[in-house]
Number of protein chains: 2
Amino acid sequence: MDITTFGALSEPSRLRIVELLSTGPHTVGEIAERLQIRQPQASKHLKVLLESGLVDVTAEANRRSYSLRMQPLREMDAWLERYRRIWEERYDALEDYLLKLQAADENSDIDSKRKPE
Amino acid sequence: MDITTFGALSEPSRLRIVELLSTGPHTVGEIAERLQIRQPQASKHLKVLLESGLVDVTAEANRRSYSLRMQPLREMDAWLERYRRIWEERYDALEDYLLKLQAADENSDIDSKRKPE
DNA sequence: TTACAATATTCCTTTACAGGAATATTCCTA
DNA sequence: TAGGAATATTCCTGTAAAGGAATATTGTAA
């Protein structure tokens with residue numbers, strides 16, 4: 001897991017750029033307009049995203065089309081695997097606990113019905 | 001998805017702390033020793049992790065035990081879902097393409113066997 | 001070749017953040 | 001209650017990063 005991915009995504013405009021690009025490639029101008037930021041800032045953020053590998057460029061005449069690269073996101077996904085296991089484990093443990101509670105509750109129900117008799 | 005999660009994980013020591021805590025709770029001293037950083041830096045990083053919700057503390061006498069919180073990681077996982085769909089789509093598209101190539105290849109194979117005859 | 005549109009880069013200033021060293025705080029035990 | 005262990009906080013300094021404004025670059029069309 002390349003840590004620069006986190007750095008790149010830790011800036012609001014850059015996160016929004018990534019989300020925008022998830023709908024398909026866009027030019028710098030479009031990105032700047034959609035995000036309501038100035039063109040130079042858009043270019044700067046795109047440079048950071050490019051260097052972190054989150055984005056690809058292809059030049060078409062005057063314009064540059066930026067598109068999302070999946071690899072860093074896949075790596076993030078792989079990195080998460082370890083934690084997914086943990087929370088599933090914990091979920092299972094909680095479930096077990098609740099099942100036991102429920103079982104105990106049913107017993108106490110039986111008791112509360114028995115005693116009065 | 002809370003963007004501060006990315007910020008918190010974008011610092012190498014903090015990422016390592018999270019990974020260490022994935023094996024269970026640890027005290028500040030243990031963390032500092034394992035990561036070969038000074039205790040004050042460990043405390044500072046833990047503070048950032050705490051504020052971003054990635055970590056929990058429980059005080060036990062003199063010591064403080066830090067443990068991992070799963071919620072921000074689950075949110076990251078949920079955030080990734082959208083991208084997972086994209087790369088699976090792309091994978092499917094690639095697969096289709098390869099299958100077509102293969103089919104075309106088999107045809108050209110037949111052709112190459114036919115023509116000489 | 002000139003002019004214009006789209007984008008990138010530079011320079012400047014301000015702010016955020018990280019590490020080091022020193023110190024404060026909190027809790028335990030003798 | 002004095003001292004020590006574990007941890008947090010403060011202050012300082014250096015550095016990286018962000019935005020604004022201006023400018024450079026590149027490609028296209030007249």
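Quick caveat: nothing in here was measured; it's all calculated off a predicted structure. Quick note on labels: first sequence line is chain A, next is B, and so on, each numbered from 1.
- Between B/Leu46 atom CG and D/dA6 atom P the separation is 16 Å, expressed in whole Å.
- Under 3.5 Å, the side chain of B/Gln39 and the base of D/dA6 form no donor-acceptor pair of N or O atoms.
- Between B/Val28 and A/Ser13, the residue whose closest nucleotide on DNA chain D is further toward the 5' end is B/Val28.
- Atom-to-atom, CD1 of A/Ile37 to P of D/dG19 comes out at 8 Å; the value is rounded to the nearest Å.
- Residue B/Phe6 contributes atom CZ, which lies 20 Å from atom C1' of C/dC17 at whole-angstrom precision.
- Between the CZ atom in B/Arg38 and the OG atom in B/Ser43 there is a gap of 14.0 Å [rounded to 0.5 Å].
- Both B/Lys44 and B/Ala61 sit near DNA chain C, but only B/Lys44 has its closest nucleotide nearer the 5' end.
- The nearest whole Å value for the distance from the CD atom in A/Glu60 to the P atom in C/dT7 is 10 Å.
- Heavy-atom contacts from other residues, nucleotides or ligands closer than 6.0 Å to CD of A/Glu33 number 12 or fewer.
- When the C1' atom of D/dA17 is taken as reference, atom NZ of A/Lys47 falls 13 Å away, rounded to whole Å.
- The distance between atom CD1 of A/Ile31 and atom C1' of C/dA8, rounded to the nearest whole Å, is 14 Å.
- Shown here is A/Gln36, whose CD atom has no more than 12 heavy atoms of other residues, nucleotides or ligands within 6.0 Å.
- With the nearest nucleotide of DNA chain D identified for both A/Ser10 and B/Arg63, B/Arg63 has the one nearer the 5' end.
- Close to C/dG20, at under 4.0 Å from its OP1 or OP2, lies a side-chain N or O of B/Arg38.
- As a whole-Å value, the separation of A/Arg64 CZ from C/dT9 C1' is 12 Å.
- One cannot find a donor-acceptor pair under 3.5 Å joining the base of C/dA18 and the side-chain atoms of B/Gln41.
- Between B/Tyr66 and D/dA8 there is a side-chain polar atom (N or O) within less than 4.0 angstrom of OP1 or OP2.
- Hydrophobic cluster membership for B/Leu94: B/Tyr97, B/Leu98, B/Leu101 (Ile, Leu, Val, Met, Phe, Trp, Tyr linked by side-chain heavy atoms under 4.5 Å, directly or transitively).
- One finds no side-chain N or O of B/His45 lying less than 4.0 angstrom from the OP1 or OP2 phosphate oxygen of C/dC17.
- Between A/Glu88 and A/Arg85, none of the side-chain N atoms (NZ, or NE/NH1/NH2) sits under 4.0 Å from a carboxylate O, so this pair counts as no salt bridge.
- With rounding to whole Å, A/Glu33 atom CD is found 12 Å from C/dT7 atom P.
- In this structure, the nucleotide among C/dG19, C/dA5, D/dA18 sitting nearest to the side chain of A/Asn62 is C/dA5.
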